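Working notes, structure below.
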Number of protein chains: 2
Amino acid sequence: MKKTIIVFSLLILALLVLFQFIKYTLVSGDLQTEYVMAIIAIIFFGIGIFINKKAQNKQQTSVKKEINYKKIEDLGLSKREYEVLQQVASGLSNQEIADKLFVSESTIKTHVSNVLVKLNAKRRTQAIQISKALNII
Amino acid sequence: MKKTIIVFSLLILALLVLFQFIKYTLVSGDLQTEYVMAIIAIIFFGIGIFINKKAQNKQQTSVKKEINYKKIEDLGLSKREYEVLQQVASGLSNQEIADKLFVSESTIKTHVSNVLVKLNAKRRTQAIQISKALNII
DNA sequence: AGCAATTTAGTACTTTAGTATGAGCTTCAA
DNA sequence: TTGAAGCTCATACTAAAGTACTAAATTGCT
């Protein structure tokens with residue numbers, strides 16, 4: 001925010017200086033009107049694009065789906081449970097997850113069961129859907 | 001594309017007319033140089049924003065996750081199979097999907113089984129993952 | 001009309017998923 | 001050090017999911 005203010009202040013200052021400069025050079029007859037218009041056109045064209053790009057970037061970053069870590073905590077998901085949830089969402093079976101995390105299938109079943117309760121889901125597919133809706137995966 | 005060309009042609013034409021107009025009014029001394037500069041600045045500022053917005057929209061539509069209908073066809077998914085896939089992705093069980101679409105669970109099982117083969121998935125959770133990766137849901 | 005693809009449905013089975021419960025182990029804070 | 005929380009694992013179930021057929025009805029297209 002502070003950066004934005006400084007940048008804009010400097011920009012406006014630069015423009016005022018430019019305008020004064022152009023006015024004097026016009027009066028002294030060194031430059032043709034056409035050139036002045038062209039310079040102004042190009043500068044403001046650039047400013048338009050620049051400002052617009054800034055605005056759109058801000059929009060994008062706010063729209064972009066970021067993982068809601070606070071929500072994970074609120075749901076009471078433990079580290080391991082969350083890990084298992086991620087693997088479930090990637091389409092793995094309990095056995096595959098067990099192999100990947102070097103534990104038994106029973107353990108994964110326990111974790112998945114706990115995740116389902118905490119997410120208030122009936123099935124793992126529903127857990128995936130809910131997780132995506134809550135931006136936790 | 002044709003629209004773009006027409007719009008730009010008209011825009012350039014309008015600008016040329018404007019420039020000529022400004023030149024003559026300047027010569028006749030009706031307008032002050034400051035105002036002319038201001039008008040040009042505003043116009044090109046607007047053009048800059050407009051063009052940039054167009055460009056970004058195009059970028060976004062290519063980045064934005066839109067359903068890849070061509071891919072659905074390529075995979076050979078039938079209308080009904082795709083419908084079932086969507087329900088699966090929303091976290092419903094076979095029985096729930098059956099009730100929703102007014103058919104038997106057997107039918108849904110058949111559809112799901114076909115979808116799994118076509119998506120090269122072992123489980124419905126994997127089918128969801130693959131579908132999202134392919135932007136077909 | 002006739003063929004191909006789609007949709008529907010069933011049976012019979014195997015495999016996964018999910019629940020319930022109990023229990024051992026570790027960690028970390030009160 | 002005691003207790004809560006987390007991770008682990010097991011057993012014994014029940015419930016879904018998924019496979020492999022077969023087959024009839026429907027639809028779309030030539």
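Just so we're on the same page: letters track the sequence lines, and every chain starts at 1. Predicted model, so just to flag it, every value in this text is computed and none were measured.
- Mapping B:Arg123 and B:Leu77 onto DNA chain C by nearest heavy atom places B:Leu77 closer to the 5' end of the strand.
- Chaining together hydrophobic side chains whose heavy atoms lie under 4.5 Å apart places A:Ile130 alongside A:Ile67, A:Tyr69, A:Ile72, A:Leu75, A:Leu77, A:Tyr82, A:Leu85, A:Val115, A:Leu119, A:Leu134, A:Ile136, A:Ile137.
- Contact annotation: A:Asn94 does not reach the phosphate of C:dT16 (side-chain N/O to OP1 or OP2, under 4.0 Å).
- Nucleotide D:dA16 holds its C1' atom 14 Å from the CG atom of B:Asp99, rounded to whole Å.
- Spacing between atom CD of B:Glu81 and atom P of C:dT8 amounts to 10 Å, rounded to whole angstrom units.
- Atom-to-atom, CD1 of A:Ile128 to P of D:dA17 comes out at 12 Å; the value is rounded to the nearest Å.
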Trace of the side chain to side chain contact (heavy atoms under 4.5 Å, CB included) decision for A:Lys71 with A:Asn135: CA-CA 8 Å; A:Lys71 194 79 201 174; A:Asn135 285 329; over 6 Å; no

Worked verdict on A:Lys100 versus A:Leu92 for side chain to side chain contact (heavy atoms under 4.5 Å, CB included): CA-CA 10 Å; A:Lys100 201 166 183 178; A:Leu92 300 184; 3.9 Å; yes

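- Of the residues in residues 104-119 of chain A, A:Lys109, A:Val112, A:Ser113, A:Leu116 come within less than 4.0 Å of DNA chain C through at least one heavy atom, sorted by number.
- Using a 4.5 Å heavy-atom cutoff, the side chains of A:Arg80 and A:Leu101 are in contact.
- Taking a cutoff of 4.0 Å between a charged side-chain nitrogen and a carboxylate oxygen, B:Glu96 and A:Arg123 qualify as a salt bridge.
- In this structure, CZ of A:Arg124 is placed 11 Å from C1' of D:dA17, rounded to the nearest angstrom.
- A donor-acceptor contact shorter than 3.5 Å is absent between the side chain of A:Ser113 and the backbone of A:Thr110.
- Rounding to whole angstrom units, NZ of residue B:Lys100 and P of C:dT8 are separated by 16 Å.
- Rounded to a whole Å, the CD atom of B:Gln95 is 15 Å from the C1' atom of D:dG18.
- Taking side-chain N and O atoms only, A:Ser78 has a distance below 4.0 Å to OP1 or OP2 of D:dC7.
- Note: NZ (A:Lys79) to P (D:dC7) measures 9 Å, nearest angstrom.
- Among C:dA9, D:dA17, C:dT6, the nucleotide with an atom closest to any side-chain atom of B:Ser93 is D:dA17.
- For A:Ser104 and A:Thr107, the side-chain atoms include at least one donor-acceptor pair closer than 3.5 Å.
- Whole-Å rounding puts the B:Leu75 CG to C:dT6 P distance at 13 Å.
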